[in-house]
Amino acid sequence: MATSATASSSTMLTLPTDAIRQIQWRFADRYDLQMLVQSARGVARGTVAQMVAAGERNSHEWTPAKSEMLEAFDRAGITAAFMEPDEGGFISGPKNLALALAAFELAWVDGGAATASLAGFLALAPIHERGTPEQSRHYKALSAPPQPGETRKPWRGAFVLTEPIPYVGVDTGMLSGKARIAEWRNGEEPWLQVEKRGRFITNIAFANFVTAAVASDDERMKGSCVVILEDTDEGTFDHGTPTKKLVHQLSSTGDPIFNLKVPASRIVGGYTVREGVLVPNFNHGEVIEAVFRRTRVTVGLMTAAKLLSAVEPVIRYQRGRFRGAEGARPGTVRYEQGIQQREDALHRLVDIWATGEAAASLGFAAARIFDDLDPIEKQKNAILAKSGIFDGRAEIKALRESRKLAIELLNMQGGDQRRAEIEADPLVQFVLKDAEANVLCPATKLWNTGVGANMMREAVSLMGGYGITEDCPGFLASKWMDAQLEATYEGPEAVQRRQLTVTMTSEVFLAELRTWTGEMRRIAATRPGTGACTLASAMRMWLWTLEHLHKATDAFGSKLYHGQRQGVTFPLADALCWLLAARYQILDVLELERQGALDPSVADSLAGTVQFFSDLCHVQSARAAGEVSRICAELVFGYNEHPSWSDPACSTCCFSSDELDELEETMPGIAAMAVDVIQPNGSHPAKAGPCAGCAGASDFLQLQNKLCSCLSGSRLAKDRAAETVSKIMIPEALDYPA
Ligand SMILES: Cc1cc2nc3c(=O)[nH]c(=O)nc-3n(C[C@H](O)[C@H](O)[C@H](O)COP(=O)(O)OP(=O)(O)OC[C@H]3O[C@@H](n4cnc5c(N)ncnc54)[C@H](O)[C@@H]3O)c2cc1C
């Protein structure tokens, strides 16, 4: 393997410690979160790992051991992490980062275990986000784990949106679940008859309550809503048969049937009565949007955990591969290094590690931004409410001025007097954070799970045959398959891409992205080894391509960038995700460098750690740039018709051989340059047609040219990272059973 002349003597010697992760993912000052991580880890690497090793994943049924796992979550404080201190929890304020960290720890060992804990939060989330204060208090109190000395069993919930085919799946508007007015006595609360069948519903085997999306089937009730159903309500609460899943078997999934009579006070967020019609305060779409907006981030982080959890078992396998064989004696390279003697094995592991870092950085950045956004959103709501603005459309109008100011702020030169004033405006702060969050959430879900699932295949492949056995340390094959569920549920990739195509083209987000291009160049000026400059060039290319596609048409004159043209908009969304993941990865390394110097437990090994993480950034930025370049080139050129030899224009753009002979007399050498030459008998070179030109897109080729040369150094970074991976120390044994 090649080694770099610039390799530092201070290399990273061990796998990243907790202190490093706390700095990178910004919870070094949050003792409550550090405790949560430790207790979630205890359950994951203890109870959960033992269950997986004992074959609990081999059953679709809800078993006593799986039930015991939920109690272990309760005891460890994982269940309570969703609640405020006065609701039985221990973390106050927004909890997106907290829940993300707990899920990350659980998914490090098993995705199903993580899902089992998240599904309970998902059931409560509609009530938390849009429920009335009474609903929120009531259901959280019931779901809170028992306090010491209490014998109460906590309630478990399930979130019921998906229905049997042909109804709700990706398209959440197509509901077959119905609510009718069952009884409405004068002056009393109406009662609803709710009919809903669910498909693939997590937590259903033991759910005491569900939050179900239904549409009105009664002219005395308007629209749709999410309604809370309890297992003791009058009628049928059938938990259904378990789904025969190939994934996440430690969680319960099934197809329930409900036909229940419930008071209208169970409508999430309440209702009003207008002219004799019951009008839910929130339709099901509004509730679901508020929920998924946050919970999808956590799902993305589960796949990130899988990737990073694969590093140690793969290193262990590679190193020990030939030990015990004749000729592989201690001290020999074959004994000590095993497969790690081979460059490809190391490079592929570096790719997996780099992807895992980028996925974790993107996901935790998204979780944090929702924590930041929560109080700002409340402030925004209060300000708008004072002006009598409550609904979405009026809000969009009311925030128009704030959006203008936000863009002005982003474009502002240093020293502008108005900066402090605009920055302090809560509505501007909201608009900026909201635009970023609206992109980061679907990007995390889409990129982490989709690219992550593909990368997990790489991790499995590095373990050879062992990788696809139950004995594989780190349960890698299960994680590979589980990643596909993470890509599917809470809306599969198409849903995330669809959302991105809207949010990534918001003027505020585009202005933010432009400033990030400059930010990456500035970072590159002091930290060229991070690949930040490459990323900046790729960002520019993406922005150029988006602008071009907005104006350009295809060979038949049809517009290229519009909602229905998923062949254009979806790949562009994919490309953006590569850029975002690499950006947050770089920002986390800079944070580590800054804050690590102040932490004595990190400072000693900081130089080597920062070097290694910077190299991973460089590797990832190069990969991201390559993806962006490939996708953008296809979109820019792929919708043009390739010129053909029979085109009338061919006579003007191709040379005839006679013409060339003449030109050769005045311009010697021209004949050697000409590629599309028609012979007197009409024959031409054997290819698709005259080479395509680049009319209207020559700027793109310049950007692409530049991007190619920006890749300089990225493979040297990969060599350096590989060298570190070949030397890094790992513990004697995996920290949970195989
Ligand atoms: C183990 C498990 C647990 C689950 N838990 C829950 C739960 O707790 N609660 C719940 O409500 N649901 C749950 N689900 C359901 C899950 O959210 C859905 O399966 C998922 O949203 C996809 O819906 P679908 O299966 O109907 O796929 P489909 O809608 O049939 O999609 C199939 C494919 O077509 C593509 N596609 C569909 N529509 C479009 C479009 N407009 N444009 C482009 N491509 C499109 C999709 O991207 C996908 O690739 C769970 C599913 C599983 C497997």
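All values reported here derive from a predicted model rather than from experimental measurement. Because only heavy atoms are used, hydrogens play no part in the values below, and waters and symmetry mates are left out as well, while side chains stay in. We count ligands from 1, going down the list as the structure has it; atoms in each ligand are counted the same way.
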Q. With Arg294, which residues qualify under side chain to side chain donor-acceptor pair (under 3.5 Å), at least two apart?
A.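 With sequence neighbours excluded, Arg294 shows a side chain to side chain donor-acceptor pair (under 3.5 Å) to Asp374, Glu377, given in chain and number order.
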Can you give me a line-by-line list of nitrogen or oxygen pairs between ligand 1 and the protein shorter than 3.5 Å?
| residue | atom | partner | partner atom | Å |
| --- | --- | --- | --- | --- |
| ligand 1 | 5 (N) | Phe200 | O | 2.8 |
| ligand 1 | 5 (N) | Thr202 | OG1 | 2.8 |
| ligand 1 | 8 (O) | Thr202 | N | 2.9 |
| ligand 1 | 8 (O) | Thr202 | OG1 | 3.3 |
| ligand 1 | 9 (N) | Phe159 | O | 2.8 |
| ligand 1 | 11 (O) | Leu161 | N | 2.8 |
| ligand 1 | 11 (O) | Thr162 | N | 2.8 |
| ligand 1 | 11 (O) | Thr162 | OG1 | 3.2 |
| ligand 1 | 12 (N) | Thr162 | OG1 | 2.6 |
| ligand 1 | 14 (N) | Phe200 | O | 3.1 |
| ligand 1 | 17 (O) | Glu490 | N | 3.4 |
| ligand 1 | 26 (O) | Arg199 | NH2 | 2.7 |
| ligand 1 | 29 (O) | Val170 | N | 3.2 |
| ligand 1 | 41 (N) | Arg498 | NH1 | 3.3 |
| ligand 1 | 42 (N) | Gln566 | NE2 | 3.2 |

So the salt bridge (charged side-chain N to carboxylate O under 4.0 Å, His left out) pairs with at least one residue in residues 114-128 (sequence neighbours excluded) are none
Enumerate the residue pairs fulfilling salt bridge (charged side-chain N to carboxylate O under 4.0 Å, His left out) with a member in residues 101-123, sequence neighbours excluded, ordered by first and then second residue.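 Applying salt bridge (charged side-chain N to carboxylate O under 4.0 Å, His left out) to every pair that reaches into residues 101-123, excluding sequence neighbours, yields Arg41-Glu105, Arg45-Glu105, Arg57-Asp110.
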**Prompt:** Phe159 and Phe292: aromatic ring centres closer than 6.0 Å?
**Reply:**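 They qualify: ring centres under 6.0 Å apart.
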* Asked: Hey, is Lys95 close enough to Glu84 for a salt bridge, meaning N to O under 4.0 Å?
  ->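 Between Glu84 and Lys95 there is a salt bridge, with a charged N closer than 4.0 Å to a carboxylate O.
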> With no hydrogens and no angle check, is any side-chain donor or acceptor of Ser117 less than 3.5 Å from a backbone partner on Ala114?
Replying inline: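 Checked: pair present.
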